[in-house]
Amino acid sequence: MNFTKIDQSLHSKANYYLKKIITKSLINKNKNKNKNIKILKFIKKINDQVEHKNKYGGTWEWIDRNIRSDKVSESIKTKLTFKNKLENFFRNELSFGLISSHWEKKNKDNWKINLSSDILKNINTWEEFSKEKNEEFKYLDSKNDPGNPYGIMYKKKLILYDTPRHDYYAKKIINLFKNSKKKPIILEIGGGYGGLLNQLIKRKFKFKYINIDLINTLITNIYYIASSHGNNKLTFKKKIIKNDLKKYDIFFMPFSKKIFSNINFNVDLVFNSNSLSEMNLKTIKNYFKLINKKLCPKYILHQNSNILLYPNSNLHVEVQSKQFPIDKLSYEQVYTHPSLFQGGSGRYREYLFKKKN
(Lines give C-alpha, C1' and ligand atoms only; values in the text may rest on other atoms or scores of the structure.)
Protein backbone atom coordinates (compact mmCIF):
# COMPACT_ATOMS: atom_id res chain seq x y z
CA MET A 1 0.00 0.00 0.00
CA ASN A 2 1.39 3.42 -0.94
CA PHE A 3 1.01 6.25 1.56
CA THR A 4 3.08 9.03 3.09
CA LYS A 5 5.19 7.56 5.88
CA ILE A 6 8.52 7.89 7.62
CA ASP A 7 11.70 6.17 6.45
CA GLN A 8 11.63 2.42 7.15
CA SER A 9 15.30 1.64 6.35
CA LEU A 10 17.76 0.60 9.08
CA HIS A 11 19.43 3.32 11.10
CA SER A 12 23.10 3.79 10.16
CA LYS A 13 24.21 2.95 13.72
CA ALA A 14 21.83 0.04 14.28
CA ASN A 15 24.56 -2.61 14.10
CA TYR A 16 26.80 -0.70 16.51
CA TYR A 17 24.02 -0.48 19.10
CA LEU A 18 23.19 -4.19 18.82
CA LYS A 19 25.77 -4.84 21.52
CA LYS A 20 24.12 -2.17 23.66
CA ILE A 21 20.67 -3.81 23.69
CA ILE A 22 19.69 -4.64 27.25
CA THR A 23 17.62 -7.82 27.40
CA LYS A 24 18.96 -9.38 30.60
CA SER A 25 16.87 -9.06 33.73
CA LEU A 26 17.28 -5.84 35.69
CA ILE A 27 15.00 -6.84 38.57
CA ASN A 28 16.13 -6.08 42.11
CA LYS A 29 13.85 -8.37 44.09
CA ASN A 30 14.65 -6.73 47.42
CA LYS A 31 14.12 -3.15 46.28
CA ASN A 32 10.98 -1.51 47.76
CA LYS A 33 9.70 -4.90 48.93
CA ASN A 34 7.25 -3.50 51.49
CA LYS A 35 5.97 -0.85 49.08
CA ASN A 36 5.33 -3.50 46.40
CA ILE A 37 3.29 -5.60 48.85
CA LYS A 38 1.14 -2.55 49.60
CA ILE A 39 0.64 -1.86 45.90
CA LEU A 40 -0.30 -5.50 45.21
CA LYS A 41 -2.95 -5.36 47.94
CA PHE A 42 -4.31 -2.13 46.45
CA ILE A 43 -4.53 -3.71 42.98
CA LYS A 44 -6.18 -6.87 44.34
CA LYS A 45 -8.81 -4.69 46.04
CA ILE A 46 -9.39 -2.79 42.78
CA ASN A 47 -9.73 -5.97 40.75
CA ASP A 48 -12.36 -7.32 43.17
CA GLN A 49 -14.47 -4.18 42.69
CA VAL A 50 -14.74 -4.51 38.92
CA GLU A 51 -16.87 -6.86 36.88
CA HIS A 52 -14.65 -8.18 34.12
CA LYS A 53 -16.42 -7.78 30.79
CA ASN A 54 -14.73 -7.72 27.41
CA LYS A 55 -17.60 -7.08 25.02
CA TYR A 56 -16.61 -3.69 23.68
CA GLY A 57 -15.57 -4.50 20.12
CA GLY A 58 -12.49 -3.50 18.14
CA THR A 59 -8.97 -4.85 18.40
CA TRP A 60 -8.91 -4.58 22.19
CA GLU A 61 -11.78 -7.02 22.65
CA TRP A 62 -9.74 -9.65 20.79
CA ILE A 63 -6.61 -8.90 22.86
CA ASP A 64 -8.47 -9.10 26.16
CA ARG A 65 -10.34 -12.26 25.21
CA ASN A 66 -7.40 -14.14 23.75
CA ILE A 67 -4.28 -12.78 25.43
CA ARG A 68 -4.94 -11.14 28.78
CA SER A 69 -8.25 -11.62 30.60
CA ASP A 70 -8.10 -15.18 31.86
CA LYS A 71 -4.37 -15.05 32.53
CA VAL A 72 -4.62 -11.78 34.47
CA SER A 73 -7.60 -12.84 36.59
CA GLU A 74 -6.10 -16.26 37.28
CA SER A 75 -2.69 -14.86 38.22
CA ILE A 76 -4.27 -12.41 40.69
CA LYS A 77 -5.65 -15.39 42.63
CA THR A 78 -2.08 -16.59 43.18
CA LYS A 79 -0.12 -13.80 44.88
CA LEU A 80 3.32 -15.09 43.94
CA THR A 81 2.36 -15.56 40.28
CA PHE A 82 0.72 -12.14 40.12
CA LYS A 83 3.72 -10.48 41.79
CA ASN A 84 6.03 -12.12 39.26
CA LYS A 85 3.78 -11.05 36.37
CA LEU A 86 3.83 -7.41 37.43
CA GLU A 87 7.55 -7.36 38.19
CA ASN A 88 8.14 -8.58 34.62
CA PHE A 89 5.21 -6.97 32.80
CA PHE A 90 7.33 -5.60 29.95
CA ARG A 91 8.15 -9.25 29.13
CA ASN A 92 4.73 -10.93 29.33
CA GLU A 93 1.11 -10.62 28.23
CA LEU A 94 0.34 -7.75 30.65
CA SER A 95 2.03 -5.36 28.21
CA PHE A 96 0.68 -6.94 25.01
CA GLY A 97 -0.59 -4.10 22.82
CA LEU A 98 0.85 -1.47 25.19
CA ILE A 99 4.37 -1.38 23.77
CA SER A 100 5.53 -1.09 20.17
CA SER A 101 7.99 -4.00 20.14
CA HIS A 102 6.69 -7.10 21.90
CA TRP A 103 9.02 -9.29 23.94
CA GLU A 104 7.35 -12.42 22.53
CA LYS A 105 9.03 -11.69 19.18
CA LYS A 106 12.55 -11.68 20.67
CA ASN A 107 13.56 -14.95 18.98
CA LYS A 108 12.42 -13.90 15.52
CA ASP A 109 14.91 -13.06 12.81
CA ASN A 110 15.93 -9.39 12.73
CA TRP A 111 14.05 -8.54 15.95
CA LYS A 112 17.13 -7.15 17.69
CA ILE A 113 18.46 -5.20 14.72
CA ASN A 114 15.03 -3.66 14.11
CA LEU A 115 14.66 -2.85 17.81
CA SER A 116 18.05 -1.13 17.79
CA SER A 117 17.21 0.80 14.61
CA ASP A 118 13.74 1.91 15.68
CA ILE A 119 14.82 3.08 19.14
CA LEU A 120 17.69 5.06 17.61
CA LYS A 121 15.31 6.73 15.16
CA ASN A 122 12.93 7.57 18.00
CA ILE A 123 15.79 9.05 20.01
CA ASN A 124 16.95 11.12 17.04
CA THR A 125 13.41 12.42 16.51
CA TRP A 126 13.18 13.36 20.19
CA GLU A 127 16.56 15.09 19.96
CA GLU A 128 15.38 17.18 17.02
CA PHE A 129 11.86 18.06 18.12
CA SER A 130 11.91 17.94 21.94
CA LYS A 131 15.39 18.25 23.43
CA GLU A 132 16.55 21.73 24.33
CA LYS A 133 19.39 20.80 26.71
CA ASN A 134 21.52 17.67 27.02
CA GLU A 135 20.47 17.25 30.64
CA GLU A 136 17.00 16.34 29.37
CA PHE A 137 18.32 12.87 28.48
CA LYS A 138 17.70 12.01 32.13
CA TYR A 139 13.97 12.00 31.37
CA LEU A 140 14.44 9.10 28.93
CA ASP A 141 16.31 6.86 31.39
CA SER A 142 14.38 3.74 32.48
CA LYS A 143 17.12 1.87 34.36
CA ASN A 144 15.16 2.10 37.61
CA ASP A 145 11.70 1.59 36.14
CA PRO A 146 9.55 -1.31 37.39
CA GLY A 147 8.39 -4.07 35.08
CA ASN A 148 11.82 -5.34 33.98
CA PRO A 149 12.10 -3.11 30.88
CA TYR A 150 14.38 -3.65 27.88
CA GLY A 151 15.88 -1.30 25.29
CA ILE A 152 19.28 0.10 24.34
CA MET A 153 21.97 1.87 26.35
CA TYR A 154 22.45 5.34 24.89
CA LYS A 155 24.55 7.97 26.68
CA LYS A 156 24.55 5.62 29.70
CA LYS A 157 20.74 5.68 29.79
CA LEU A 158 18.44 2.69 29.27
CA ILE A 159 15.99 3.96 26.64
CA LEU A 160 12.85 2.00 25.76
CA TYR A 161 11.13 1.93 22.40
CA ASP A 162 8.26 4.27 23.27
CA THR A 163 9.80 6.59 25.87
CA PRO A 164 11.03 9.25 23.38
CA ARG A 165 7.48 9.47 21.97
CA HIS A 166 5.92 9.63 25.44
CA ASP A 167 8.30 12.41 26.45
CA TYR A 168 7.69 14.28 23.18
CA TYR A 169 3.96 14.41 23.94
CA ALA A 170 4.53 15.21 27.62
CA LYS A 171 6.64 18.21 26.70
CA LYS A 172 4.11 19.27 24.06
CA ILE A 173 1.35 19.23 26.69
CA ILE A 174 3.51 21.13 29.18
CA ASN A 175 4.19 23.82 26.57
CA LEU A 176 0.47 24.19 25.81
CA PHE A 177 -0.13 25.12 29.45
CA LYS A 178 3.08 26.95 30.30
CA ASN A 179 1.15 30.20 30.87
CA SER A 180 -1.68 28.59 32.83
CA LYS A 181 -2.29 29.93 36.35
CA LYS A 182 -4.01 26.74 37.53
CA LYS A 183 -3.28 23.05 37.37
CA PRO A 184 -4.70 21.83 34.04
CA ILE A 185 -6.86 18.72 34.04
CA ILE A 186 -5.53 16.17 31.54
CA LEU A 187 -7.80 13.30 30.54
CA GLU A 188 -6.16 10.42 28.70
CA ILE A 189 -8.22 7.79 26.93
CA GLY A 190 -6.21 4.57 27.04
CA GLY A 191 -3.08 5.44 29.01
CA GLY A 192 -1.40 2.08 28.40
CA TYR A 193 1.24 1.16 30.96
CA GLY A 194 1.57 4.82 31.96
CA GLY A 195 4.29 6.14 29.66
CA LEU A 196 2.88 9.65 29.15
CA LEU A 197 1.90 10.05 32.80
CA ASN A 198 5.36 8.92 33.89
CA GLN A 199 7.03 11.57 31.72
CA LEU A 200 4.71 14.34 32.92
CA ILE A 201 5.61 13.45 36.51
CA LYS A 202 9.32 13.15 35.73
CA ARG A 203 9.27 16.66 34.27
CA LYS A 204 7.70 17.93 37.52
CA PHE A 205 4.63 19.28 35.75
CA LYS A 206 1.83 20.41 38.09
CA PHE A 207 -1.44 18.93 36.81
CA LYS A 208 -4.50 16.79 37.49
CA TYR A 209 -4.82 13.59 35.49
CA ILE A 210 -7.60 11.13 34.66
CA ASN A 211 -7.00 7.89 32.77
CA ILE A 212 -9.87 5.83 31.34
CA ASP A 213 -8.81 2.34 30.31
CA LEU A 214 -9.61 -1.36 30.39
CA ILE A 215 -9.22 -2.87 33.85
CA ASN A 216 -6.44 -5.27 32.79
CA THR A 217 -4.44 -2.32 31.47
CA LEU A 218 -5.16 -0.14 34.50
CA ILE A 219 -3.70 -2.84 36.74
CA THR A 220 -0.36 -2.58 34.92
CA ASN A 221 -0.52 1.23 34.83
CA ILE A 222 -1.23 1.55 38.55
CA TYR A 223 1.64 -0.81 39.39
CA TYR A 224 4.04 1.11 37.12
CA ILE A 225 3.14 4.58 38.42
CA ALA A 226 2.74 3.65 42.10
CA SER A 227 6.04 1.73 42.08
CA SER A 228 7.81 4.64 40.40
CA HIS A 229 6.26 7.59 42.23
CA GLY A 230 4.22 6.31 45.18
CA ASN A 231 0.44 6.08 45.49
CA ASN A 232 -0.38 8.87 47.95
CA LYS A 233 -1.90 11.12 45.28
CA LEU A 234 -3.58 8.51 43.08
CA THR A 235 -6.93 6.79 43.41
CA PHE A 236 -9.23 4.36 41.62
CA LYS A 237 -12.73 5.62 40.85
CA LYS A 238 -15.63 4.31 38.80
CA LYS A 239 -17.21 7.76 38.97
CA ILE A 240 -15.61 11.18 39.52
CA ILE A 241 -17.29 14.33 40.79
CA LYS A 242 -15.60 17.71 40.72
CA ASN A 243 -14.90 17.73 44.47
CA ASP A 244 -12.79 14.59 44.07
CA LEU A 245 -10.23 16.71 42.23
CA LYS A 246 -9.44 18.51 45.50
CA LYS A 247 -8.38 15.27 47.19
CA TYR A 248 -6.32 13.51 44.50
CA ASP A 249 -4.11 14.37 41.54
CA ILE A 250 -4.27 11.10 39.57
CA PHE A 251 -7.43 9.11 38.83
CA PHE A 252 -7.75 5.68 37.22
CA MET A 253 -11.19 4.89 35.81
CA PRO A 254 -12.17 1.45 34.44
CA PHE A 255 -13.90 1.51 31.07
CA SER A 256 -17.55 0.48 31.04
CA LYS A 257 -20.70 1.65 29.30
CA LYS A 258 -21.38 3.81 32.35
CA ILE A 259 -18.16 5.77 31.87
CA PHE A 260 -19.90 8.20 29.52
CA SER A 261 -22.21 9.36 32.32
CA ASN A 262 -19.70 9.05 35.17
CA ILE A 263 -17.80 12.24 34.35
CA ASN A 264 -19.69 15.51 34.32
CA PHE A 265 -17.19 18.37 34.40
CA ASN A 266 -14.85 20.15 32.00
CA VAL A 267 -11.21 19.22 31.44
CA ASP A 268 -8.43 21.20 29.79
CA LEU A 269 -7.00 18.61 27.41
CA VAL A 270 -8.00 15.20 26.07
CA PHE A 271 -5.18 12.98 24.86
CA ASN A 272 -5.08 9.63 23.07
CA SER A 273 -2.30 7.74 21.38
CA ASN A 274 -3.12 4.97 18.88
CA SER A 275 -6.00 3.26 20.67
CA LEU A 276 -9.04 5.29 19.57
CA SER A 277 -8.69 3.99 16.02
CA GLU A 278 -8.53 0.45 17.44
CA MET A 279 -11.98 0.73 19.03
CA ASN A 280 -15.24 0.06 17.25
CA LEU A 281 -17.09 3.00 15.73
CA LYS A 282 -19.89 2.93 18.33
CA THR A 283 -17.41 3.34 21.20
CA ILE A 284 -15.58 6.10 19.34
CA LYS A 285 -18.84 8.00 18.82
CA ASN A 286 -19.68 7.68 22.51
CA TYR A 287 -16.26 9.02 23.47
CA PHE A 288 -16.61 12.04 21.21
CA LYS A 289 -20.10 12.70 22.48
CA LEU A 290 -18.54 12.83 25.95
CA ILE A 291 -15.74 15.09 24.67
CA ASN A 292 -17.95 17.42 22.65
CA LYS A 293 -20.83 17.77 25.12
CA LYS A 294 -19.37 17.32 28.64
CA LEU A 295 -15.59 17.49 28.78
CA CYS A 296 -15.35 20.45 26.37
CA PRO A 297 -11.53 20.58 26.57
CA LYS A 298 -9.49 23.53 25.37
CA TYR A 299 -7.32 21.07 23.40
CA ILE A 300 -7.70 17.64 21.80
CA LEU A 301 -4.32 16.09 21.07
CA HIS A 302 -4.15 12.62 19.56
CA GLN A 303 -2.13 10.25 17.41
CA ASN A 304 -4.09 7.63 15.48
CA SER A 305 -4.18 5.66 12.27
CA ASN A 306 -5.53 7.31 9.16
CA ILE A 307 -4.63 4.37 6.92
CA LEU A 308 -6.60 1.14 6.59
CA LEU A 309 -3.46 -0.97 6.70
CA TYR A 310 -5.19 -4.32 7.30
CA PRO A 311 -8.39 -4.17 5.20
CA ASN A 312 -8.88 -7.96 5.20
CA SER A 313 -8.00 -8.64 8.83
CA ASN A 314 -10.64 -9.90 11.27
CA LEU A 315 -8.33 -9.09 14.17
CA HIS A 316 -6.88 -5.68 13.42
CA VAL A 317 -9.82 -3.63 12.17
CA GLU A 318 -9.14 0.09 12.57
CA VAL A 319 -11.35 3.15 12.25
CA GLN A 320 -9.54 5.84 10.32
CA SER A 321 -9.02 9.04 12.29
CA LYS A 322 -10.63 11.17 9.56
CA GLN A 323 -13.90 9.50 10.65
CA PHE A 324 -13.63 10.71 14.26
CA PRO A 325 -16.71 12.88 15.01
CA ILE A 326 -14.95 15.93 16.45
CA ASP A 327 -17.33 18.89 16.67
CA LYS A 328 -15.93 21.04 13.85
CA LEU A 329 -18.17 23.95 14.81
CA SER A 330 -16.50 24.11 18.22
CA TYR A 331 -12.97 23.01 17.35
CA GLU A 332 -10.46 24.15 14.76
CA GLN A 333 -7.67 21.88 13.56
CA VAL A 334 -4.33 23.50 14.43
CA TYR A 335 -2.31 20.93 12.48
CA THR A 336 -2.00 17.33 11.34
CA HIS A 337 1.04 15.46 10.01
CA PRO A 338 2.45 11.91 9.86
CA SER A 339 3.68 10.71 13.23
CA LEU A 340 7.37 11.45 13.70
CA PHE A 341 8.03 8.18 15.51
CA GLN A 342 8.62 4.58 14.46
CA GLY A 343 5.87 2.07 15.11
CA GLY A 344 2.57 1.33 13.42
CA SER A 345 4.22 0.84 10.02
CA GLY A 346 3.98 4.59 9.47
CA ARG A 347 0.18 4.67 9.46
CA TYR A 348 -0.21 7.04 12.43
CA ARG A 349 -0.94 10.75 12.19
CA GLU A 350 -0.64 13.43 14.88
CA TYR A 351 -3.51 15.91 15.36
CA LEU A 352 -4.04 19.00 17.51
CA PHE A 353 -7.44 20.65 17.80
CA LYS A 354 -8.17 23.83 19.77
CA LYS A 355 -11.53 25.02 21.03
CA LYS A 356 -12.78 28.12 19.25
CA ASN A 357 -13.36 31.24 21.32
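Residue numbers run from 1 in the order of the sequence given. Keep in mind it's a predicted model, so treat the numbers as computed, not measured.
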Closest non-hydrogen contact found for Lys171 with Glu132 is NZ-OE2, 3.1 Å

Note: Tyr161 and Ser101 closest approach over all heavy atoms is CD1-CB, 3.6 Å

What verdict does the ring pair (Phe, Tyr, Trp, His ring centres under 6.0 Å) test give for Tyr154 and Tyr17, after you've listed the backbone C-alpha separation in whole Å, the side-chain angles of each residue and the deciding distance to 0.1 Å?
CA-CA 8 Å; Tyr154 186 92; Tyr17 276 91; 5.6 Å; yes

- Identify whether Leu281 and Tyr351 are in the same connected component of the hydrophobic contact network (ILVMFWY, side-chain heavy atoms under 4.5 Å). yes

How about Trp103 and Asn92: does a side-chain donor come under 3.5 Å of a side-chain acceptor? no

_Keeping Lys157 on the side-chain end and Leu140 on the backbone end, is there a donor-acceptor pair under 3.5 Å?_
no

* To do: Report yes or no: does Tyr223 contribute a side-chain atom to a donor-acceptor pair with the main-chain N or O of Ile43 at less than 3.5 Å?
  => no

**Within 45° cone and under 6.0 Å: Lys155 NZ/CZ vs Phe137 ring** = yes

**Prompt:** Counting only N and O atoms by type, is there a donor-acceptor contact under 3.5 Å from the side chain of Ser130 to the main-chain atoms of Glu127?
**Reply:** no

_One pair to check against salt bridge (Lys or Arg N to Asp or Glu O under 4.0 Å): Asp141 and Lys156. What are the steps and the verdict?_
CA-CA 9 Å; Asp141 192 9; Lys156 299 181 180 180; over 6 Å; no

(request) Would you confirm whether Asn211, through its side chain, and Gly191, through its main-chain N or O, come within 3.5 Å as a donor-acceptor pair? (result) yes

Show, in sequence, the C-alpha distance, side-chain angles and deciding distance for Phe251 and Tyr209, and conclude whether the ring pair (Phe, Tyr, Trp, His ring centres under 6.0 Å) test is met.
CA-CA 6 Å; Phe251 296 82; Tyr209 174 88; 9.4 Å; no

Checklist entry - If only atom types and distance count, is the side chain of Ser142 paired as donor or acceptor with the main-chain N or O of Leu160 below 3.5 Å? => result no

Can a side-chain donor-acceptor contact be found between Gln303 and Tyr169 if the only test is distance below 3.5 angstrom? yes

*asked:* Taking atom NZ as the centre, does Lys356 end up with more than 12 heavy-atom neighbours from other residues, nucleotides or ligands that are less than 6.0 angstrom away?
replied: yes

* Can you find a side-chain donor-acceptor pair between Tyr348 and Asn304 that sits under 3.5 Å? -> no

Assess whether side-chain contact (heavy atoms from CB on, under 4.5 Å) is satisfied between Leu120 and Ser116, documenting all intermediate values.
CA-CA 6 Å; Leu120 286 168; Ser116 173; 3.9 Å; yes

*Should the heavy atoms of other residues, nucleotides or ligands under 6.0 Å from NZ of Lys355 be counted, would the total exceed 12?*
yes

Distance col, row Phe260:CZ vs Ile212:CD1, nearest 0.5 angstrom, shows 7.5 Å

Task: Face-on cation placement of Lys202 at Tyr139 ring, 6.0 Å and 45° thresholds - done: no

Criterion ring pair (Phe, Tyr, Trp, His ring centres under 6.0 Å) on Phe96 and His102, from CA distance to verdict: CA-CA 7 Å; Phe96 189 91; His102 294 302; 4.6 Å; yes

